[in-house]
Every structure is written in C-alpha cells, then in structure tokens.
**Student:** 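Once you've had a glance at the structure underneath, I'll fire off some questions.
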Amino acid sequence: MRRPLVAGNWKLNGSGASIEALVKGILTGASELDDVSIVVCAPYVYIPQTADLLKGSEVGLGAQDVSDQSEGAFTGEVSAAMLNEFGCQYVIVGHSERRALFGERDEDTAGKFAATRKQGLIPVLCVGESLEERESGITEAVVGRQLDAVIALEGVEALADAVIAYEPVWAIGTGKTASPQQAQDVHAFIRGRIAALNGDVAEKVQILYGGSVKGSNAAELFAMADIDGGLIGGASLNAQDFLAICQAGHNANH
Ligand code: PEP
C-alpha cells in the first residue's frame with residue numbers, strides 16, 4: 001500500500017493565536033501516527049510561524065497556492081523559492097476555488113505545478129468536476145483534461161513525486177461527500193490514465209480524496225483501493241477532528 005497522506009487546507013482562516021493553538025493540538029496526537037504523512041497548508045503570512053511551531057516534528061508544511069513566475073513585476077505573488085526558503089515542502093496547485101473564483105486555467109495550474117517542482121517542492125495537484133459537469137456525464141473528460149495539461153507541460157514522470165487530489169467541486173465545503181465508490185471510480189480513472197503512459201508512476205503517485213471528509217466518513221473512503229488519503233478543508237481547522245481523520249489513515253494502513 002502507498003503511504004497514507006492527510007493534508008489540511010486552512011484556506012483563508014486563522015490568526016496567530018488560533019494557529020498556535022491548532023498546531024499545538026495537532027502535535028499532541030501526530031507523533032503516534034508515524035506511518036501517516038501529515039501536512040498542514042497555511043495562509044502565506046502564517047507560514048513562518050507554522051514552520052517554527054512544527055520544528056522537530058514529522059508534520060509537513062505546505063502553501064495553498066504559488067506563482068508560476070520566479071521573480072519580477074508580479075504584484076501580490078509569492079514564488080516557490082520563497083516558500084522553499086520558509087520551510088514549505090508542499091504546495092497546493094489548481095484548487096477549485098482558485099480555478100472558479102480567480103479564473104485559473106488548466107495551463108496556469110500546470111505552470112504552478114512546474115514552478116513548484118523546479119524548487120524541489122511537492123505539488124498537490126487538485127482536479128475535480130462541478131455538479132453540472134457530473135450531471136452531464138463529463139466527469140472523466142474534465143478530470144482527464146486537467147491532468148493532461150500538467151502531463152503535457154511536465155511529462156508523466158513528474159507525477160511520480162507529486163500528489164494528486166481528486167476533489168469534486170460539489171463536495172467541497174458542502175457537507176456532501178462523494179460515496180466511497182464514486183470517489184474510487186474517479187481515482188481508478190486517474191490512476192489508469194497515468195498507467196497507460198507509465199505503470200511505475202501510476203503505482204507510486206498518491207491520490208487523495210477531498211470534499212467534506214470528516215472523522216466519521218474517512219475510514220470508508222480510505223479503505224478504497226486507489227484512495228491514499230485526504231485533502232481536508234473545514235475539518236482541518238479543529239485539531240481533534242483533523243487527528244481523527246489522520247487516525248483513519250493510520251488504521252487503513254494496518
Ligand atoms: C478543500 O477545500 O480542499 C476541501 C476538501 O474542503 P472541505 O473539506 O471543507 O470540503
């Protein structure tokens with residue numbers, strides 16, 4: 001089995017005080033779950049503080065976005081080198097909120113994926129369909145297109161050291177989770193599409209599910225053959241809730 005990975009995406013939430021309490025809470029339980037990779041993705045300005053709090057622990061640090069540019073006149077942007085300098089190991093790219101609310105196109109996401117890898121950081125590539133797309137029967141076409149944009153730019157081998165997160169847009173922050181079988185079907189599609197190009201990469205790549213994962217539904221999702229963990233939004237803002245999901249990752253590994 002691939003090593004389980006549970007990553008929290010704090011989005012636009014938190015303050016210095018709440019993040020200190022949250023990280024300290026996560027650290028109380030994380031050390032007992034040493035067969036699960038646990039990662040937290042902080043808002044940019046809290047990355048140095050989070051890195052300090054995580055020092056000496058096995059919990060990884062990530063950012064929620066990155067520029068596809070390395071430097072220059074790009075007001076408001078943050079480069080992968082800057083994230084590297086402040087201790088990030090992971091970067092979420094192509095989250096559906098970036099795609100839908102900020103107009104990020106497949107090729108922009110692919111550029112961010114490339115910029116992340118260039119700095120030796122691990123991209124967490126988000127893919128997923130909207131409700132309308134699912135109901136029109138084009139889930140695989142949409143997810144395939146999002147994946148292909150990255151493969152076209154970076155080659156399939158680049159996925160061996162990356163993470164993919166399948167996040168159906170209709171399940172994010174809505175309380176509606178994809179059923180384990182619905183999620184597994186898309187995960188198997190993603191792995192199959194990669195396997196058609198390179199079987200070793202398909203075996204290796206971790207594919208996370210994201211969309212209203214909670215302590216109460218994580219075990220059944222993580223029990224599916226192609227689900228290697230989760231990308232967690234709302235439930236990552238509470239240490240006990242997040243640790244319950246990490247515990248499900250640990251149990252799935254036994
Ligand atoms: C997310 O935004 O990546 C996510 C999965 O959110 P939630 O867990 O709140 O649905």
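Every number for a ligand or one of its atoms is a count from 1 in the order of the listing.
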**Student:** Taking atom CG of Leu101 as the centre, does the number of heavy atoms from other residues, nucleotides or ligands within less than 6.0 Å exceed 12?
**Tutor:** yes
**Student:** Using salt bridge (Lys or Arg N to Asp or Glu O under 4.0 Å) as the criterion, list what pairs up with Asp185, not counting sequence neighbours.
**Tutor:** none
**Student:** Select all protein residues for which some heavy-atom-to-ligand 1 distance is less than 4.0 Å, and list them by chain and number.
**Tutor:** Asn9, Lys11, His95, Glu167, Ala171, Ile172, Gly173, Gly210, Gly211, Ser212, Leu231, Ile232, Gly233, Gly234
**Student:** Using 4.0 Å as the upper bound for N to carboxylate O, is an ion pair formed by Glu203 and Arg2?
**Tutor:** yes
**Student:** Hey, is Asp148 close enough to Arg145 for a salt bridge, meaning N to O under 4.0 Å?
**Tutor:** no
**Student:** Check this for me, if you would: do Arg3 and Asp228 make a salt bridge, where the nitrogen-to-carboxylate-oxygen distance has to be below 4.0 angstrom?
**Tutor:** no
**Student:** How long is the gap from CG on Asp161 to CD1 on Ile122, to the nearest 0.5 Å?
**Tutor:** 7.5 Å
